[in-house]
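To start, the structure under review is shown below, and the notes come after it.
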Amino acid sequence: SIISLFQTPASSRPQTTATCSGPVLNCEPIENKIRKKIKHSWRRILKECKEKDVHKKGEISVSDFLDIAEKFELDLSEDEIKQITTKYDLRNNGKFAYCNLLQSCILFLKPKETTLLQRMIIQKPQIPLSPGPQTTAFFSAMLRIQPQILHCWRPMRRTFKSYDESRTGLLNIPDFRQVLREYSINLTEEELFNILEYYDKTLSSKISYNEFLRAFLQ
């Protein structure tokens, strides 16, 4: 399973995602270029990265990443390689944080300009999301359920709204979990904890279901 592929203790990783600075300001075009290929093969890419990640740190050597990039035909130029490996060297130790690259290509957690379609179907919450840490365990939980969510997010959103009688955009945790179960998405206690750690940083015991669904939609 995806969970067993990760199993990286959150304490061993930096708790914040890298920001582009200096020579890597223009990383997004590179990520957009390779996103389609990564979305097509991310489980196999993840498996190969995990095999190289003997210390389970969520990172591998740049040379290992370049071998995997070549195998999956990501077709990066020398300049693109320099930019993307600089961006994902999160600890400034010459390693490549493959978990963060994969999540940025598969999940949509960064606030960015939404498409017209997104604005029509997923309203932004009245209170802006102040997210918690993006840990590897959080990524692994979100990636595991991503295929199921994509399959049923429209009826799931209607069900979320039916539970949200006061129309706040927020659900309490038992209701949130119950809706997921209705669509055969059963989170372990650890997965639920890691998702709540991100979406309920203030420990309000509420979760914005629109923000949760937004992460899976492009």
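What you see is a predicted model, and the numbers here were worked out from it, not measured in a lab.
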Give, for atom CG of Asn194 and atom OG of Ser140, the distance between the pair rounded to the nearest 0.5 Å.
6.5 Å
Could you pull out all residues at least two apart from Phe160 that satisfy ring-ring contact (aromatic ring centres under 6.0 Å, His included)?
Phe176, Tyr209
Tell me which pairs pass salt bridge (Lys or Arg N to Asp or Glu O under 4.0 Å) where either residue lies in residues 64-79, with sequence neighbours left out.
Glu48-Lys71
Which residues pass the side-chain hydrogen bond (donor to acceptor under 3.5 Å, both in side chains) test with Glu182, not counting sequence neighbours?
Tyr163
Does Val62 reach the side chain of Lys95, with side-chain heavy atoms less than 4.5 Å apart?
no
Is the closest side-chain heavy-atom distance between Phe72 and Arg44 below 4.5 Å?
yes
Quick one: are Leu102 and Ile45 in side-chain contact, heavy atoms under 4.5 Å?
yes
Backbone N or O of Glu191 within a donor-acceptor pair of the Arg144 side chain at under 3.5 Å?
no
CD1/Ile84 to OG/Ser77 distance, rounded to the nearest 0.5 angstrom?
10.5 Å
Heavy-atom closest pair (Ser184 atom, Gln148 atom, distance to 0.1 Å) is O-NE2, 3.0 Å
side-chain hydrogen bond (donor to acceptor under 3.5 Å, both in side chains) against Asn92, all qualifying residues, sequence neighbours excluded
none
Tell me the closest heavy-atom pair linking Tyr98 and Asp53, and the distance in Å.
OH-OD2, 2.6 Å
Can you name the residues that form a salt bridge (Lys or Arg N to Asp or Glu O under 4.0 Å) with Lys52, not counting sequence neighbours?
none
Taking the side chain as every heavy atom from C-beta outward, state whether Phe216 and Ile145 have any pair of such atoms under 4.5 Å apart.
yes
Determine, stepwise, if the pair Met156 / Val179 fulfils side-chain contact (heavy atoms from CB on, under 4.5 Å).
CA-CA 7 Å; Met156 179 182 285; Val179 173; 4.0 Å; yes
Do Cys49 and Phe65 have side chains that get closer than 4.5 Å, going by heavy atoms?
no
Distance alone, cut at 3.5 Å: any donor-acceptor contact between the side chains of Glu59 and Asn100?
no
Could you check whether any side-chain N or O of Asp200 sits under 3.5 Å from a backbone N or O of Ser205, counting only pairs where one atom can act as donor and the other as acceptor?
yes
Tell me whether Lys33 is salt-bridged to Glu28, with the criterion being a basic N under 4.0 Å from an acidic carboxylate O.
no
Would you say that Phe212 contacts Leu180 through its side chain, given a criterion of any heavy-atom pair below 4.5 Å between the two side chains?
yes
As a quick check of understanding, evaluate side-chain contact (heavy atoms from CB on, under 4.5 Å) for Phe96 and Leu66, giving each step before the final call.
CA-CA 10 Å; Phe96 186 86; Leu66 294 181; over 6 Å; no
Should His151 and Tyr183 count as side-chain neighbours, where that means a heavy-atom distance under 4.5 Å?
no
Where is the tightest heavy-atom contact between Asp164 and Gly169, given as atom of each residue plus distance?
OD2-N, 2.8 Å
For the atom pair CD (Glu31) and OG (Ser104), what is the distance rounded to the nearest 0.5 Å?
4.0 Å
Taking only residues two or more places apart in sequence or in another chain, which ones pass side-chain hydrogen bond (donor to acceptor under 3.5 Å, both in side chains) with Thr85?
none
Find the distance between CG (Asp89) and NZ (Lys87) and round it off to the nearest 0.5 Å.
13.0 Å
Supply the atom-to-atom distance Ile38 CD1 to Ile34 CD1, rounded to the nearest 0.5 angstrom.
4.0 Å
Taking Asn210's backbone N and O only, do any of them form a donor-acceptor pair with Arg157's side chain (distance below 3.5 Å, no angle check)?
no
Can you name the nearest heavy-atom pair linking Asn186 to Arg181, along with the distance?
OD1-CG, 3.3 Å
Verify the cluster assignment for Phe193 and Tyr199: are they in a single hydrophobic cluster under the rule of side-chain heavy atoms below 4.5 Å apart?
no
Residues Glu51, Lys47; criterion side-chain contact (heavy atoms from CB on, under 4.5 Å); working and verdict
CA-CA 6 Å; Glu51 287 169 359; Lys47 186 173 186 291; 3.0 Å; yes
Could you grab the distance from atom NZ of Lys50 to atom SG of Cys99, nearest 0.5 Å is fine?
9.0 Å
Decide yes or no on side-chain contact (heavy atoms from CB on, under 4.5 Å) for Arg214 and Glu211, but give the supporting numbers first.
CA-CA 5 Å; Arg214 189 189 295 274; Glu211 286 295 341; 3.7 Å; yes
Under a 3.5 Å distance rule, please check whether Gln146 uses its side chain to pair with a backbone N or O of Leu143 as donor and acceptor.
no
Should Leu192 and Arg177 count as side-chain neighbours, where that means a heavy-atom distance under 4.5 Å?
yes
